[in-house]
Colleague: 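Please see the structure below; I have some questions.
In the text below, chain A, chain B and the rest are named by the order of the sequence lines, each starting its count at 1.
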Protein chains: 2
Amino acid sequence: MINIAAHSFHDATAIKLPQPAMAIAPMLAAKGLHSSAIRKVACNETLWCEGDERSHIFVVRTGAVCLSRTLPNGRRIVLDFAYPGDIIGLGADTQPCDAHTVQLTRLEAIPVAAFKRAVAEDPEFGRQASIQVANALSAAYQHVVVISKLSANERLASFLMALSRRNEAHGLSPMSVLLPMKRLDIADFLGLTIETVSRTFTRFRDAGLIAMDQHNVVVFRDLAKLRALAAGEGEHD
Amino acid sequence: MINIAAHSFHDATAIKLPQPAMAIAPMLAAKGLHSSAIRKVACNETLWCEGDERSHIFVVRTGAVCLSRTLPNGRRIVLDFAYPGDIIGLGADTQPCDAHTVQLTRLEAIPVAAFKRAVAEDPEFGRQASIQVANALSAAYQHVVVISKLSANERLASFLMALSRRNEAHGLSPMSVLLPMKRLDIADFLGLTIETVSRTFTRFRDAGLIAMDQHNVVVFRDLAKLRALAAGEGEHD
DNA sequence: CGGCCGCTTGACTATTATCAAAGATGGTGG
DNA sequence: CCACCATCTTTGATAATAGTCAAGCGGCCG
């Protein structure tokens, strides 16, 4: 449930924190842990469930993973998405959430035992892992902020701008994003319904903020306005 | 921003996890870190702000601390409360939230340098600290669930039941709780307004779920119903 | 005793959820 | 290669929950 990309969701945090993936990813490579089996997982497959013993740490290569919880009555909440380059599964021994693919996904699977051995050898390695968890906590805090205080417009803008900034950080254009997940995943992530998400996309399009030819490709037409919305500055304030 | 009590907010987690405070608090004592200065802080004082360099780790002795974030336009979100026995301030070097007292509070202040020295001496110590952060992450996930999927009734029930379970875990009666914070703090924690919180208390009282003689003392009259509500099982499901 | 602060209550509004149906899209098999 | 079906998305009409604005109550402290 540690998603390295997560911190970029919070604009302020994205600026303040050093690139966390920068720190730990090369360390994984140096340890030779990269050579662990690469798994190819179909869409909608479960990697683990809440309460499971942690067995592997995964590095997403391609595709996308969704981290979620489910209430007793079936209501589902998406806590985070993991994209290529992200590390998921760090943290305590018990998984705090479910993880399932939302696309055909390729993952490197590092057994926890191997990971723990690496930590025992090199304390700095464990320290970096802890920083990832702390960043995930900061991201979760930001998620609470988004969900409890932002309007539907602001929530979707916040989601899109997080993806935009991620692109930027990866050397891609921040002017457009690809949505690997379905509307329902976005809705469950933002604490809205699919209908509201769909309507908000339409509203953005009609207002000239975005353009969409396919429903999973968004081109930004007014980044400044979207960023203001995402920060909770816009609308009626 | 690591609040040891936080995990108890999530019922399932509260059962699954060992008492985290059990693990680290005696270790702090054993290291002699307890001898650090005890501070007496008035109500409404700020301990640190988001983005601050982490300078101390605090153990709450009496009173209560509120962890929050504030949006650019002034909207505030309460992320957690820390009560006597809780440790706050663990995590990364940069504070992910503000911390301020909501009561006259006594705190033990352990300088970060002393804490780091202790970790360097004893890796197990650092491992326990990491577990605290992971538990805080799990609690934050639960907070997201509460805020994004529960009704006002369910949210307040969830808040009250977390306090009830905390009492229980501390050997006190789970049948009543004391609310050290103001209605506004509860509202900002639950993503509601003070009016809605007030009305929900009234609704609970009228429905025979609780009794209240003062507005900061709640006696539970139907714990089963409240717990069902808190778990998101109740209402119209 | 008076004023301030926090809590409660009321009337009304607004945003989003819900229910329902139609329109796309993509994949499969004929 | 096209047609069909399942799934996902969009759109519309209506309802419900919580927010906003406003006023009154009550306790605590100076």
Side-chain angles (χ1 to χ4, degrees), chain A residues 42-44 66 71 73-77 102-104 146-157 178-206 210-218 229 232 234-237, chain B residues 42-44 66 71 73-77 102-104 146-159 179-207 210-218 229 232 234-237:
Chain A
C43 186
N44 284 319
C66 169
L71 284 169
N73 59 24
R75 284 179 280 187
R76 185 188 70 144
I77 300 87
V102 293
Q103 275 199 324
L104 173 64
V146 167
I147 280 177
S148 70
K149 292 288 169 180
L150 300 191
S151 67
N153 284 348
E154 292 171 327
R155 289 185 210 189
L156 187 62
L178 231 113
L179 305 175
M181 71 294 288
K182 303 193 191 310
R183 290 288 184 273
L184 180 61
D185 297 311
I186 299 175
D188 285 348
F189 181 67
L190 297 176
L192 301 169
T193 60
I194 47 172
E195 293 95 331
T196 299
V197 169
S198 182
R199 278 187 248 270
T200 308
F201 270 120
T202 305
R203 232 178 292 143
F204 280 5
R205 189 161 38 66
D206 293 351
I210 62 170
M212 283 174 72
D213 10 333
Q214 307 152 67
H215 41 245
N216 59 338
V217 181
V218 182
L229 267 177
E235 312 241 76
H236 29 63
D237 295 309
Chain B
C43 186
N44 284 320
C66 168
L71 284 169
N73 59 27
R75 284 179 281 186
R76 185 188 70 145
I77 300 88
V102 293
Q103 274 200 326
L104 173 64
V146 168
I147 282 179
S148 69
K149 293 286 169 181
L150 301 191
S151 68
N153 284 349
E154 291 170 327
R155 290 186 209 188
L156 188 62
S158 147
F159 175 68
L179 306 175
M181 71 294 287
K182 302 193 194 310
R183 291 289 184 271
L184 180 60
D185 296 312
I186 299 175
D188 284 348
F189 182 66
L190 297 176
L192 301 168
T193 60
I194 46 173
E195 291 96 332
T196 299
V197 169
S198 182
R199 278 187 250 269
T200 308
F201 270 121
T202 304
R203 232 176 293 144
F204 280 5
R205 188 161 38 67
D206 294 350
I210 63 171
M212 284 173 71
D213 11 334
Q214 307 151 67
H215 17 250
N216 58 336
V217 181
V218 182
L229 266 178
E235 313 242 74
H236 31 64
D237 294 311

Colleague: If the threshold is 4.0 Å, N to carboxylate O, is there a salt bridge linking B:Asp188 and B:Arg75?
Modeller: no
Colleague: Nearest whole Å is fine: how far is D:dC8 P from A:Asn44 CG?
Modeller: 8 Å
Colleague: Should the pair B:Arg76-B:Asp185 be classified as a salt bridge under the 4.0 Å nitrogen-to-oxygen rule?
Modeller: yes
Colleague: Nearest whole Å is fine: how far is C:dT8 P from B:Arg203 CZ?
Modeller: 13 Å
Colleague: Is A:Asn44 close to A:Val102 at the side-chain level, that is, under 4.5 Å between some pair of heavy atoms?
Modeller: no
Colleague: Measure CG/A:Asp185 against P/D:dC8 and give the value in whole Å, please.
Modeller: 10 Å
Colleague: Taking C-beta and beyond as the side chain, do A:Ile147 and A:Leu190 meet within less than 4.5 Å on heavy atoms?
Modeller: no
Colleague: Within this structure, what is the CZ-to-P distance between A:Phe204 and D:dT10, rounded to whole angstrom?
Modeller: 13 Å
Colleague: Between C:dT9 and B:Ser198, is there an OP1 or OP2 to side-chain N/O distance shorter than 4.0 Å?
Modeller: no
Colleague: Check every strand shown and say whether B:Ile194 touches a base, only sugar-phosphate, or nothing at a heavy-atom separation below 4.0 Å.
Modeller: nothing
Colleague: Let me have a per-nucleotide readout for nucleotides 18-27 of chain C, 5' to 3', with B, S or -, counting only protein heavy atoms under 4.0 Å.
Modeller: BB-----S--
Colleague: Quick one, B:Leu184 and B:Val197 - any side-chain contact, counting heavy atoms below 4.5 Å?
Modeller: no
Colleague: Quick one: A:Lys149 NZ to D:dT20 C1', roughly how many Å, whole number?
Modeller: 13 Å
Colleague: In whole angstroms, how far is the P atom of C:dT8 from the CG atom of B:Asp206?
Modeller: 12 Å
Colleague: Closest approach to the side chain of B:Met212, judged atom by atom: which nucleotide of D:dT11, C:dT8, D:dA18 is it?
Modeller: C:dT8
Colleague: Could you tell me the separation between the CZ atom of A:Arg183 and the C1' atom of C:dT16, rounded to a whole number of Å?
Modeller: 18 Å
Colleague: Could you state the atom-to-atom distance from CG of A:Leu192 to C1' of C:dT15 in whole Å?
Modeller: 11 Å
Colleague: Could you please name the option among D:dG19, C:dG6, C:dT16 that lies closest to any side-chain atom of B:Lys182?
Modeller: C:dG6
Colleague: Quick check with a 6.0 Å cut-off and a 45 degree axis cone: is A:Arg155 positioned over the face of A:Phe189's six-membered ring?
Modeller: no
Colleague: Hey, does A:Ile194 have a side-chain heavy atom less than 4.5 Å from the side chain of A:Ile186?
Modeller: no
